[in-house]
Amino acid sequence: QTKHTKLLDVEKEQQGLEVFVIKGLRNGDDLSYEVNQLRYLEDRKKNVKTIFLMCDKEFEHVSSSGYRACEKIMPGSGHQYLAKEIETNI
């Protein structure tokens, strides 16, 4: 199972409702990877629509693994890369 199919609400899909997957992209590398995954999803789930959103340029270098590395080296140092709404809930 791909990470896309894990996001799908199968019950809604069976009811004939439109299902959307929203993916955030940082750069062209992310786009290449996600388009490849999209092709597999399209083969299995014909009526699922995918929406790609590009991040702001200032965050295109930020990744979850980079954040985790910052936090491992110095706890709290990765917070600068979090949205303010997320940061206040940590």
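It should be emphasised that the depicted structure is a prediction, and the values quoted were computed from it without experimental measurement.
- The NZ atom of K49 lies 10.0 Å from the CD atom of E42; values are rounded to the nearest 0.5 Å.
- Atom CG of L41 is separated from atom CG of N36 by 12.0 Å, given to the nearest 0.5 angstrom.
- The shortest heavy-atom contact between C70 and Y81 is SG-CE1, 4.2 Å.
- Residue D30 comes nearest to N27 through the heavy atom pair N-OD1, 3.0 Å, listed as atom of the first residue, atom of the second, then distance.
- Atom NZ of residue K45 and atom CG of residue D43 lie 12.5 Å apart, to the nearest 0.5 angstrom.
- Remark: F20 CZ to N47 CG distance equals 10.0 Å, nearest 0.5 Å.
- Smallest separation of non-hydrogen atoms from R26 and V62: CD-O, 2.8 Å.
- Taking OH of Y67 as the reference point, atom CD of Q80 lies at 10.5 Å (rounded to 0.5 Å).
- Using a 4.5 Å cut-off on side-chain heavy atoms (C-beta onward), V21 and K23 make contact.
- Listed by chain and residue number, S65 satisfy the side-chain hydrogen bond (donor to acceptor under 3.5 Å, both in side chains) test with S63 (two or more places apart in sequence, or in another chain).
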Donor-acceptor pairs under 3.5 Å, side chain of residues 52-61 to any protein atom, not counting sequence neighbours: which ones?
none

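- Checked by atom type and distance alone, the side chain of E71 pairs as donor or acceptor with a backbone atom of S77 at under 3.5 Å.
- Here L38 contributes atom CG and T50 contributes atom OG1; the two are 4.5 Å apart, rounded to the nearest 0.5 Å.
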